[in-house]
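So that the names make sense, note that chain A is the first sequence line, chain B the second, and so on, each numbered from 1. Excluded from the calculations below are hydrogen atoms, water molecules and symmetry mates; all remaining heavy atoms, backbone and side chain alike, are included.
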Amino acid sequence: MRQSQLLIPTLKEAPAGAEIASHQLMLRAGLIRQVAAGLYTWLPLGLRVIRRIEAIIREEMDRSGAQEVLMPVVQPAELWQESGRWDKMGPELARLTDRHERSFCLGPTHEEIITDLFRREVHSYRQMPCNFYQIQTKFRDEVRPRFGVMRAREFTMKDAYSFAADQASFDATYREMHDCYSRILHRMQLDFRAVVADTGNIGGANSHEFHVLAESGEDTIAYASEGGYAANLERAAAAPPPPRPAPGEAMREVATPGMATIAQVAQFLEAPVGRCLKALAIRGEDGPILAILRGDHQLNAIKAQKLPGVKQPLEFASEAEIRAATGAGPGSIGPVGAQVPVFVDREAAAVADFVCGANRDGRHWVGVNWGRDLPLDETQVRDLRNVAAGDPAPNGQGELKFLKGIEVGHIFQLGDTYSQAMGATFLDREGKASVPIMGCYGMGVTRLVAAVIEQHHDAAGLRWPEALAPFQVHLIALNYAKSESVREAADGLLAELSAAGVETLLDDRAERPGVKFADADLLGLPQRVVIGERGLKQGCVEVRAGHGTDLEQVAPAEVKARFC
RNA sequence: CGGGGCGUAGCGCAGUCUGGUAGCGCACUUGACUGGGGGUCAAGUGGUCGCAGGUUCAAAUCCUGCCGUCCCGACCA
């Protein structure tokens, strides 16, 4: 194609408000333009990249045995009421009413629609396992869209839903999708990790996220320095602590006037922070719930949210609520004699001779021991904390380290959550009605564009992997407007390469060479041919076979062979 | 939703504190020169200063309200 006839509005400067590299470069290279917060128009170059990604995803999904369908963006409320999510979902579910006053939503995901399809159309174990996928527009009214298409409100997602007759069959599909995702990301030349993850409001038992590694990533991944363990920080666990030492001190109450924070208390009492236990008051269905952690540990909100009786979403109790329930302020509360439910992080449960608030302002206990001084039931002990870098890995191999990642895929083991709620059944081998085991598998297509750029750019601009580049070859015709020999050679190469199926972009604009080179570096096509009068006089053009390779002098007639 | 920043030409910004005819660079149009890394000269186009109301002889500038957008915390492909 001719660059003079494509809308590729490049920018010299990054627009204000674009923070991360991919967002800046997508704007500068003319891939996208913003319409409103979290809403984007994809320009010709950007759309071509989307199409490439979709093609790879389709190939690999088809290879894995999934079948492509296309479901509607607008979905009737009734189906969401059946699954229970009409009420469960907050304002991120965009709702609308039609002219007949019927309620609908813009689909943020399609479990309800696909489960409805299954219960209507699939009746026998003989039709299973089956796996349906689509590549389609999703809308989620995100609280905070950000980083361009990285977290947009409207975006393109590949989502797949599998139905299995038994657990073994489901497991096979889940493994296949895990492999399929790995193949897709490998083909895009992405450095990624598959990690154990939390299931969020999709529900189900287990899930794995696929993260593209990038400093700009919004998620933290904890991984074992040896062996294969990797998990989202939300879900990551360290190896269990060693058994609790025997008590060595007597319990006594001490005055800690004005000491509100763990750091202050530890310093005042000259006790290690790790031996001071902090009590966090979480809002529960019937008043505050105490979460006890070591002073040097951080509460994990996802884990805490799963404690019985915790009000959703997780919030901390106010000072007034804490005072009403314990008689003390937030800085002086503790598990000894607490009149509210208490849950103890397993690391905190393994500390002996600890310090904790005395439920009286300005007073703490020291030398406290579980069992001896206060009861500790095993059911109270949970993993409640964020792991820290350097913690022993749960697989017993090395220590935990952290990486930043962009979540581009998430696969879920749904179990029968949706099939049960929506009454989807099939007849099994014995002719009995049975509930299918479901999985769902999401991959963010438009987010992948940004993720690829985060890993594939340099100071000058984009550096597309060959599999994703909007065009394979960039013909840069210097002085195209005036030089007849350049024009002839350039037009000839464009025709020849295009006829051979090589997707080629010819810069035929009446721009000076500097502008063309700068734009070419910004667009970042992997292969480049520079056509200028100087070279043509020697009977050659300059070919760059890929990013970072040297220029070679090649006769125009030989160029095609280099790219086919 | 809480906290903070920003809204002036297509893009990047100055001007706002201290009210007095709206500016700079780039881009765009026309012409000339130039022609292998964002070139030079000349002449131009383009703005209800986010919106509404108020104060004032006079508002981009001061006041009030609203909207948009970006960033930081609770959600997710």
Side-chain angles (χ1 to χ4, degrees), chain A residues 9-20 23-24 27-28 30 33-39 53 57 89-93 108-110 135-160 181 197-202 207 209-212 218-219 232 234 301-302 304-305 312-316 405-412 440-451 460-461 476-483 486 510-522 530-537 541-542 551:
Chain A
T10 57
L11 301 171
K12 279 191 191 175
E13 295 168 289
E19 298 273 319
I20 60 172
H23 189 196
Q24 292 180 355
L27 290 165
R28 286 191 54 210
R33 284 295 183 264
Q34 184 179 40
V35 174
L39 303 176
I53 291 176
I57 291 176
M89 300 271 287
E92 68 272 17
L93 182 68
T109 174
H110 283 69
I135 296 176
Q136 189 249 20
T137 300
K138 298 283 183 277
F139 189 88
R140 297 180 187 175
D141 198 354
E142 292 276 350
V143 261
R144 185 146 99 77
R146 68 185 125 168
F147 302 148
V149 299
M150 193 75 86
R151 176 179 300 283
R153 292 194 290 178
E154 183 177 308
F155 58 98
T156 304
M157 177 161 114
K158 187 286 299 174
D159 46 326
Y181 273 37
D198 185 70
T199 53
N201 66 13
I202 300 284
S207 74
E209 291 170 342
F210 289 77
H211 284 266
V212 169
E218 296 183 81
D219 287 272
N232 193 308
E234 293 174 346
I302 300 289
Q305 197 159 345
Q312 310 290 322
L314 184 83
E315 281 176 7
F316 289 106
I406 300 165
E407 183 194 348
V408 297
H410 200 160
I411 62 177
F412 299 82
C440 81
Y441 316 92
M443 186 168 258
V445 174
T446 40
R447 179 179 286 181
L448 270 166
V449 179
I476 301 173
L478 303 176
N479 200 16
Y480 179 91
K482 296 254 180 77
S483 166
V486 167
E511 292 288 353
R512 295 176 57 84
V515 174
K516 295 195 176 198
F517 284 122
D519 274 350
D521 291 343
L522 183 56
V530 181
I531 305 151
E533 272 185 322
R534 186 196 289 175
L536 288 175
K537 278 183 189 142
V541 295
E542 283 148 39
L551 288 176

Going by purine N1 to pyrimidine N3 plus the second Watson-Crick contact, or the G-U wobble pair, all under 3.5 Å, which nucleotide sits opposite [N]?
| N | answer |
| --- | --- |
| B:U61 | none |
| B:A77 | none |
| B:U16 | none |
| B:A9 | none |
| B:G44 | B:C28 |
| B:C33 | B:G39 |
| B:C66 | B:G50 |

Q. Any donor-acceptor pair under 3.5 Å between the side chain of A:Arg512 and the base of B:G38?
A.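 Looking at the base of B:G38, it does not pair with any donor or acceptor on the side chain of A:Arg512 (distance under 3.5 Å).
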
Q. Below 3.5 Å, does any donor atom in the side chain of A:Glu542 face an acceptor in the base of B:G36, or the other way round?
A.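 Flag set: donor-acceptor pair detected.
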
For the pair made of [atom1] in [X] and [atom2] in [N], what is the distance, rounded to whole Å?
| X | N | atom1 | atom2 | value |
| --- | --- | --- | --- | --- |
| A:Arg151 | B:G73 | CZ | P | 11 Å |
| A:Leu551 | B:G37 | CG | P | 13 Å |
| A:His211 | B:C76 | NE2 | P | 13 Å |
| A:Asn479 | B:U34 | CG | P | 12 Å |
| A:Ile302 | B:C75 | CD1 | C1' | 9 Å |
| A:Asp141 | B:A77 | CG | P | 16 Å |
| A:Gln24 | B:C11 | CD | P | 16 Å |
| A:Asp519 | B:G36 | CG | P | 17 Å |

For [N] versus [M], give the span between their [atom1] atoms, rounded off to a whole number of Å.
| N | M | atom1 | answer |
| --- | --- | --- | --- |
| B:G3 | B:U8 | P | 25 Å |
| B:A59 | B:C49 | P | 11 Å |
| B:U30 | B:A14 | P | 32 Å |
| B:G46 | B:C75 | C1' | 43 Å |
| B:U18 | B:C62 | P | 9 Å |
| B:A43 | B:G12 | P | 28 Å |
| B:G4 | B:G47 | P | 36 Å |
| B:G50 | B:C13 | P | 15 Å |

As a test of reading the structure: which of [options] is closest to the side chain of [X], going by heavy atoms?
| X | options | result |
| --- | --- | --- |
| A:Pro513 | B:C71, B:G12, B:G37 | B:G37 |
| A:Met157 | B:C26, B:A77, B:G12 | B:A77 |
| A:Arg146 | B:C71, B:C70, B:A77 | B:C71 |
| A:Leu478 | B:G36, B:C70, B:A77 | B:G36 |
| A:Arg144 | B:C26, B:C71, B:G36 | B:C71 |
| A:Ala16 | B:G12, B:C71, B:C26 | B:G12 |
| A:Pro15 | B:A77, B:G12, B:U69 | B:G12 |
| A:Val530 | B:A74, B:G38, B:G36 | B:G36 |
| A:Lys12 | B:C76, B:C26, B:U69 | B:C26 |

Q: Any chance you could list the contact pattern along nucleotides 40-49 of chain B? Use B for base contacts, S for sugar-phosphate-only contacts and - for none, protein heavy atoms under 4.0 Å, 5' to 3'.
A: ----------

If every non-hydrogen atom of [X] is compared with every non-hydrogen atom of [Y], which pair is closest and at what distance?
| X | Y | result |
| --- | --- | --- |
| A:Pro108 | A:Lys138 | O-CD, 3.5 Å |
| A:Leu39 | A:Phe139 | CD2-CE1, 4.1 Å |
| A:Val541 | A:Leu536 | CG1-CD2, 4.0 Å |
| A:His410 | A:Ser207 | NE2-OG, 2.7 Å |
| A:Leu314 | A:Ala304 | CD1-CB, 4.0 Å |
| A:Ile57 | A:Leu448 | CD1-CD1, 4.4 Å |

Q) Is a side-chain donor or acceptor of A:Thr156 paired with a backbone partner of A:Thr446 at a separation under 3.5 angstrom? A)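 Here the side-chain-to-backbone pair does not exist.
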
Q) Does any N or O in the side chain of A:Arg33 come within less than 3.5 Å of the main-chain N or O of A:Leu27, such that one atom is a donor and the other an acceptor? A)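 Side chain of A:Arg33 to backbone of A:Leu27, a donor-acceptor pair under 3.5 Å: yes, one is there.
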
Q: Under the side chain to side chain contact (heavy atoms under 4.5 Å, CB included) rule, what do A:Glu92 and A:Val143 come out as? Steps first, then yes or no, please.
A: CA-CA 7 Å; A:Glu92 68 272 17; A:Val143 261; over 6 Å; no

Q. Should A:Gln305 be listed as having a side-chain N or O under 4.0 Å from OP1 or OP2 of B:C75?
A.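 For A:Gln305, the contact criterion (side-chain N or O under 4.0 Å from OP1 or OP2 of B:C75) is met.
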
Under 4.0 Å, heavy atoms only, any strand: does [X] hit a base, just the sugar-phosphate, or nothing?
| X | value |
| --- | --- |
| A:Val515 | base |
| A:Phe147 | sugar-phosphate |
| A:Gly532 | base |
| A:Ala301 | nothing |
| A:Ala518 | base |
| A:Glu315 | nothing |
| A:Gly90 | nothing |
| A:Ala152 | base |
| A:Gly514 | sugar-phosphate |
| A:Gln136 | nothing |
| A:Ala18 | nothing |

Q | Residue list, ring pair (Phe, Tyr, Trp, His ring centres under 6.0 Å) with A:Tyr181, at least two apart or on another chain | A |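 A:Tyr181 satisfies ring pair (Phe, Tyr, Trp, His ring centres under 6.0 Å) with A:Phe210 once adjacent residues are dropped.
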
Q.
Within this structure, what is the CD-CZ distance for the pair A:Gln24 and A:Phe147, rounded to the nearest 0.5 Å?
A.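 Answer rounded to 0.5 Å: 11.0 Å.
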
Q. Would A:Phe155 count as stacked on B:A77 if the rule is ring centres under 5.5 Å and plane angle under 30°?
A.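 A stacking contact exists, since A:Phe155 sits close and nearly parallel to the base ring of B:A77.
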
(Q) Given A:Ile406, which partner from the list A:Arg447, A:His211, A:Glu218, A:Arg151 fulfils the side-chain contact (heavy atoms from CB on, under 4.5 Å) test? (A)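 Among A:Arg447, A:His211, A:Glu218, A:Arg151, the one that satisfies the side-chain contact (heavy atoms from CB on, under 4.5 Å) with A:Ile406 is A:Arg447.
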
